[in-house]
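For reference, the structure discussed in these notes is given below.
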Amino acid sequence: MRWQGQKVGDVDAAALPGLEDRTSILRSVTTPEFAGMTFHEVLSKSALNHVPGASRMPFAWTINPYRGCSHACVYCVSPDTLILCTDGRQRPLRDLEIGDEILGTEKQGDYRRYVKTTIKAKWATRKRAYRVTLADGTQLVASGDHRFLTERGWKHVVAAEKGQRPYLTTNNRLMGFGIGAAGMKIDPSSLDYRRGYLAGMIRGDGMIFHGSYPSPTRTREIHMFRLALIDEEALARTEGYLEEEGVPTRRRPFAQASDTRSAADAIHTAARRHVESIETLIQTPSTPNTDWYSGFLGGVFDAEGSCSRGVLRISNKDADIIDLIERGMQELGVPYRLEAPRGSGVRSVRVIGGLPSRQRFFALTAPAITRKMSLEGTAVKSVADLRVMGIEPLDGEMDLLDITTGTGDFVANGVISHNCFARGTHEYLDLDGGADFDSQIVVKVNVVEVLEKELRRGSWQHETVALGTNTDPYQRAEGRYKLMPGIIEALARSGTPMSILTKGTLIRRDIPLLVKAAERVPVDVQMSIAMYDDELQKAIEPGAPTTQARLDTVRALADAGFRVTVFLMPIMPHMTDSVAAVDDALKRIKAAGARTVIYGALHLRPGVKPWFFRWLEEARPDLVSSYRGLYPGASAEAPKAYRQWLAKRVRPLIRLHGLDARHEDDYPQRVRPVRFAPSTASEPAPQPMLF
C-alpha cells in the first residue's frame, strides 16, 4: 500500500492529551487514503500483555501492535467499580465502552453538580492496588496514584514515592453518595423478579375487566386486559415479561399527544385464558422472597412512582398495595416514611435518607423508566458518612481499568473520582464498520524489536500468544506498517504458539509465513464472518471486507493446511436467524473449508442500544417493536428463551454440515470478534456497535 499525499508532523497534542512520556512518540501521520484519521507512531516499552483471568482462557498473553501504550496510565480502578451512568443506573467499569454516556461533575455557581459526559478512552493496566474503606461501608480498589474528591480537594490514594503530593488520610471525607457495604443482590432475570414486576406494574396501572352483555339472541362474555403507558421502556418490559409467561398481547395507540399530555401506547388482550393467566401471575405469593419484592417495587414505581427534586414517592389508593410497598421497603432495607392520606384517599410512601437511599432503591429494584432515575443537574452533597476509615495495600499486582471523560472525572462506587490524563486514542481503529467512532490510531512501530527481547528472557514460558483480542491485527494500516510478519517470525523462532483472530483479508499475504511458523509451533486461525446477505453486510459492516472475500480467505488458509474457525456472530433476530439464512451461511462456511463454527445471538452493550435502535428505525422499522420486546429496558442480551431456541435451531444445522459447533458462552469474551457497526452517515456521528 502506498500512501500518497501524506503529511508528517509533530505529535498531535490535542489528540493525545496529557501524554507524559513524549520521547516515545516519533511522529503523527495523516493521508487522504484515511481521511479524518491520524496515525501516531510510537516506540512501545512492551509488546507482550498478560491477560487477566488467564486460567479461564486458552491463552495467557496477547499482542496488540495497533492498540496504544497503556503503560502511560497512572490513575486506575478495579474493573468491578460501579460507574454512574446518565440513566441513573450504575454499571461495572468493565462493561462500559468508548462513546457511552455517564455522569461526571462540574462547578456551576456555588455548587458542583452531576452533568452528562462521554467516555473518550478506555484501557487496562496492571499494577499495585489499595483498598479504601469508608465509614458507610463503601470500598474502593484503586492504584496509589488514583485521585478522589474530598472536602479539601483532590487527593491521591497514597503519598508519592518521591516528592510530595496531597493524599488521603483518615481525616478526609470523600464527596458523593457512596454505595454502602456489599449487601444483598437481586436477580432481575429471575422468575420471581419478573412476576413481582408484573404484579407491581399491572396492579398499579393496569386494567382487567370481566363482564357480560345480554342480547335478544345470546349473552356475550367480555374479558379484557389493558395497560396504557407513555413510557416505552416500561411498556416493552411488561410486554416482554408477559410473552415469557406465555401471554401474548397486542399493541395499539391509546392516546395522541397534546399540549398537556404525552402520547401513550397500550398492550392488550381479550382472550379469556390470557386474562385469567395475568390475574394469576400478579397475585401476591404466600411467602414473597426478596427478588419478588424487588420486582414488585420496580414495577409499582414505574407505574405509580415519581422522583422529582430529590424526592422519591410511590402513591396509591389501595391499602393492600401500600402495605406491600412498605413490606418491600423493609425487606430491601430502604428507609421510608408513610405520608398522611390526601383528601382523595391516596397515600404515598416516601424514601428518606437523601441520595444514598434513592440510589439503593434504584439498585435493588431495577426500574425500567430511565427518566425517573436521572441525577443530571443534582448538586453533589455528601449526605452519607464517607469518612475514610482505612487504606490498605493489596498483595501483588492487579488488573485495573481507567477511562478518560469529557469532564475529567466520573462517579465510581458513588464517590467523585478523577480520570486519567490519557491519550484520546479511543478504541484504536479496526477500520471496519466502527470507523466513525475513532479518529486516532497509535502504532507501535518498534513492537517486533521489543517482542524479540521479551521472548529471549529466561522467564518466558512459551505460553500461547493471541492476536486480535482487542483490535484487528490485519486492519488496513497493516498494509503500510507490515508489523505482523516480524511478530509471526519472532513467535515461531522462540517456540511460542500463536492464535490469530481477524476479519481482514490481508492475512492472505502472510500465509507462507504462517505455514512455516506452523512447522515449529501450533498456529490457530479464526475468521469473523457474521453476514451472508450482501445488502445487509454492506449496511452493517460498510468498511469491512465483503463476506465472499473473507470466505475466499478461509479457503486459502484451509488449502494451506490450517483448521480454520469461523465466528458466526452475532446472529440477528428476524434478520439472520431463519433456518434458510443459517443453512446458507453454513453451506458457504463448509464449502470454504472451515472446521469449526462459533455462534452467538446479538448482544447490545450499554450505550450501544440507542444507536442500534436508531439504525433499526431507519433500515428496518418493521422490526423495532420485536426488538424492543427482545431487548427491553437496559437488557443487553436476548432473553434466555430466545438463546435456547437459537441453539436448538443452529446446533443441528452445524452438525448436519459436518462442522464442529461451539456457542459464544463456551468461548472467552476476550477472543470474540472485533466489534462492527451499521452503515455510517456522512457526518462523523457515532454508529451502533452490535457487540
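Values below: all heavy atoms of this structure, side chains included; hydrogens, waters and symmetry mates excluded. Nothing here was measured: the structure is a model prediction, and the numbers come from that model.
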4.5 Å side-chain heavy-atom contact, R595 and L659: no

Pi-cation contact, F613 with R628 (under 6.0 Å, within 45°): yes

Chi angles and distances behind the side-chain contact (heavy atoms from CB on, under 4.5 Å) call for F209, F225: CA-CA 6 Å; F209 174 78; F225 159 74; over 6 Å; no

Polar side chain donor-acceptor pair, S190 to D192, under 3.5 angstrom: no

D583 versus H657, side-chain donor and acceptor atoms under 3.5 Å: yes

Working for side-chain hydrogen bond (donor to acceptor under 3.5 Å, both in side chains), residues Y599 and R651: CA-CA 9 Å; Y599 70 95; R651 280 186 180 271; 3.1 Å; yes

Electrostatic pair R371:D231 at N-O distance under 4.0 angstrom: yes

Chi angles and distances behind the side-chain contact (heavy atoms from CB on, under 4.5 Å) call for M207, L227: CA-CA 6 Å; M207 185 275 287; L227 176 67; over 6 Å; no

Distance-only polar pair, side chains of Q526 and S499, donor-acceptor under 3.5 Å: yes

R272/E276 salt bridge by N-O under 4.0 Å criterion: yes

Side-chain H-bond candidate by donor/acceptor type, E376 with T86, under 3.5 Å: no

Check against side-chain hydrogen bond (donor to acceptor under 3.5 Å, both in side chains), R588 and Q548: CA-CA 9 Å; R588 297 175 69 181; Q548 190 57 52; 2.9 Å; yes

Salt bridge (charged side-chain N to carboxylate O under 4.0 Å, His left out) contacts touching residues 193-204 (sequence neighbours left out): R194-E244, R194-E245, R195-E245

NZ/NE/NH1/NH2 to OD/OE distance under 4.0 Å, R250 and E239: no

Flag for E331-T290: side-chain donor and acceptor within less than 3.5 Å: yes

Closest non-hydrogen atom pair, S294 against L332: CA-CD1, 4.2 Å

Stacked cation flag R237 on Y197, 6.0 angstrom / 45 deg: yes

side-chain hydrogen bond (donor to acceptor under 3.5 Å, both in side chains) between R94 and T81, intermediate numbers included: CA-CA 8 Å; R94 68 171 76 251; T81 304; over 6 Å; no

Contact check, side chains of F296 and L324, non-hydrogen atoms, under 4.5 Å: yes

Residues R252, D265: salt bridge by 4.0 Å N-O rule: no

Residue pair E279 / H210, side-chain donor-acceptor N/O under 3.5 Å: yes

Interatomic distance, C85 atom SG to L96 atom CG [nearest 0.5 angstrom]: 5.0 Å

